[in-house]
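Structure, as structure tokens:
Throughout, a chain's letter reflects where its sequence line sits, starting with A, and its residues are numbered from 1.
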Amino acid sequence: MNRETITIDHLYRVEGHGGITVAVDETGIQSCQMEIFEGARFYEVLLKGKLAKDAPGIVCRVCSICSAGHTLGSVMALENALGISVSQGVAQFRALLNLGQFIESHALHLFALAAPDYLGDASILDMAARFPEQVHKGLEIKRVGNLIQEVVGGRAIHPVNIVVGGLGRRPAKQAMQALHASVQNALDLALSLQGFIASLENPSMGLQPPILVALRPDGDHYALQGSHLAATGHADIPVEQFYARVNEKVVRHSTAKQSTYAKQPFMVGALARVVHNGERLKGEAAKLRDALLPVDVSTLHNNAAQFIELIWALEEAVVLTEQLQDGPELTAPMTALGFEGEQTGLSALEVPRGTLYHLYGVDGDGVLTQADIITPTAQNLAHVERDFAHGVGHWLAQAQRQQETLRLHLEMIARAYDPCISCSTHLVDLTVHT
Amino acid sequence: MMPASERLKVGIFSFTGCAGDQLAILNDTDVLLALAGRVDICSFIMASSQTCGEDEPLDLAIVEGSICSEKEVEALKKLRARSKKLMALGTCAVWGGLPAMNARTIPIHELKQEVYGDSTVFPDAREAEPLSHFVEVDYAVTGCPIEMDEFTHVMAAILNGVQPFRQDASVCSECRIAENQCLVQAKQQVCCGPITLAGCKARCIHFGQPCYGCRGPVEDPAYGATTQLFSEHGLDKGAVIEQIRRFTAPAWVENRLIPHFQDPQHMGLGQKPEGERS
Ligand code: SF4
Ligand code: SF4
Ligand code: SF4
């Protein structure tokens, strides 16, 4: 067999720009690289020397689709450094904001990005011709996710209402009532789509069981925060030990760094959360978990797990938009942050694509001395490469190898990670050079 | 001005940024569909992998993000050469935005060394700059992210062959219309509103927080009145300058903004900003 280089020139859906190169010869797969050639933005250095109070407004601009998550993560890390906690009401509003982000992001990914693959469509537009109802409902659910972020965060992208110590302004009761009705409606729409989601079947492509890592919520609820980390094949560890367990390294083919957990590639995201914490789900989400996920999951089941979480998020949001109409007291936002000597603050938070870590060091003048942000997509990159190698291996072993099948399967794998917002049509442009 | 009659060929492109301005357009399905009904959107990376040919002429290129590598400089120039008109979309494209905030204070090789541990990794990184430093820009829609009503206003003007209205007031003007309590006067907080371009309806002040200048500076603010306002309330004007640098290309701040401030010596702004913590 000749040496082949399989190049996926442009992965449109990674936030920014990336591609994949797989090299194969007669002895097998020589290398499999996920290349990220997005321009480097150096956020971690840029933050040093800035006032800590300005960090949330800066780091949310790392990513537009996860801007709520970065704002929350940043504010929580600073509160951790200051040793303060917010009232339950503030925590609930923030949880609602994160749910809005989940609803928007999962609905977009499921209906606009992932579903067309399963239906043999090139894009959501092609899909809309045959599945107008599903497309229409999916976009309406997405819109409600944005609405939550507007009402609670003050803006759908780069929220302005999330402040260290509290909330800038309490959303008006009327706005919360209207939001409650919209969320209830979106939940009904989503529930009516469960048959559609169940009909999307994963093709077999020789993937190995994923190594999954997610936060373990305290208490017995399914939630997006927790003090411990759960990992496939390992005992739970406190989040503070994350840095001892996870190695982040620079790879020359990518401006994004890659991570391993106990020296192995790992996957974060909806599937990791549902597998590790799914027994805590209640209501319709619990039923769906039993219906949609087999015992032996593969990376591709991340799509089904997102639907389970979409239902969970909408059910939670129905409750919160009701509870938060009146009442719970809000701690006041801090206008000046008083740091005493050198302080360190860490936050870990589940965002749509997985666990997001923010770590800051702050000196006595309130100036950042250190900043480290570890995003879900960066954590997933090594695991994506592992899956690609398995997928290509499976393809090589087939008697009738078709480029089209490999192309579709590699695209489906990459899309299943939901690396970031992207196109509704072709994810990758695949060319094989022999 | 473009002809109002024909169906324009429009491409939406992106350089270095967070893609928030493309996302804002994608999020507003009504505007997007209306636009798709009026023009041919032949390239929109975030929405479609279909792109127009590299040499295909365009009536309008809508460009998001700042320019952070030589490759991007080249790509931008090529895009300009084949586009009749070019719109800078979002603060990164118009002013440099956050990617440019440390330009001229930390050399690029030091940034690379610190993040990647090896300054020879990714040799094609350069200090971020706005589009206008490299090519002529016909329309600018600022904001981080853009405000959709402004975007639709400019698009409608282009489609109707008229000149779009150019916002030339500061956030303070909208703050007054919204009847917000002035945070400088009432709470002695440092607010960038006086020197930031209006258009967001004083969004942050509505939520009880000072403006941090995310839309970039207003071209000709009443600097005298501004500095006086800050002085009267005992506030540090340098802090405002430092904040405005965050979203605006530092060169512009140094050459245009700082000299306009009255009595720069007194404000501690007379020195060159190199070496200054920002
Ligand atoms: S201007 Fe703001 S929203 Fe637009 S790309 Fe830059 S950081 Fe993102
Ligand atoms: S200084 Fe700030 S708070 Fe005061 S009027 Fe201007 S924008 Fe509003
Ligand atoms: S008030 Fe200032 S920081 Fe807030 S959105 Fe408007 S321009 Fe941006």
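Residues passing the ring pair (Phe, Tyr, Trp, His ring centres under 6.0 Å) test with F102(A), sequence neighbours excluded: H106(A).
Residues T29(B) and R143(A) have side chains not in contact (no heavy-atom distance under 4.5 Å, counting atoms from C-beta outward).
Interface with chain A: from residues 196-208 of chain B, residues R203(B), C204(B), H206(B), F207(B) qualify, criterion being any non-hydrogen pair under 4.5 Å. Within residues 153-160 of chain A, the residues having any heavy atom under 4.5 Å from a heavy atom of chain B are, by residue number, G154(A), R155(A), I157(A), H158(A), V160(A).
To the nearest 0.5 Å, atoms CG (L23(B)) and SG (C63(A)) are separated by 8.5 Å. Between the CG atom in N27(B) and the OG atom in S64(A) there is a gap of 8.5 Å [rounded to 0.5 Å]. Taking CG of N146(A) as the reference point, atom CG of L26(B) lies at 10.5 Å (rounded to 0.5 Å).
Of the listed residues (L139(A), D54(A), V163(A)), the one with the most heavy-atom contacts under 4.5 Å to chain B is D54(A).
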- request: Given side-chain contact (heavy atoms from CB on, under 4.5 Å), test R61(A) with C214(B) step by step and report yes or no.
  value: CA-CA 11 Å; R61(A) 269 91 180 176; C214(B) 82; 3.6 Å; yes
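Within the structure, no pair that satisfies the side chain to side chain donor-acceptor pair (under 3.5 Å) test touches residues 161-172 of chain A, not counting sequence neighbours.
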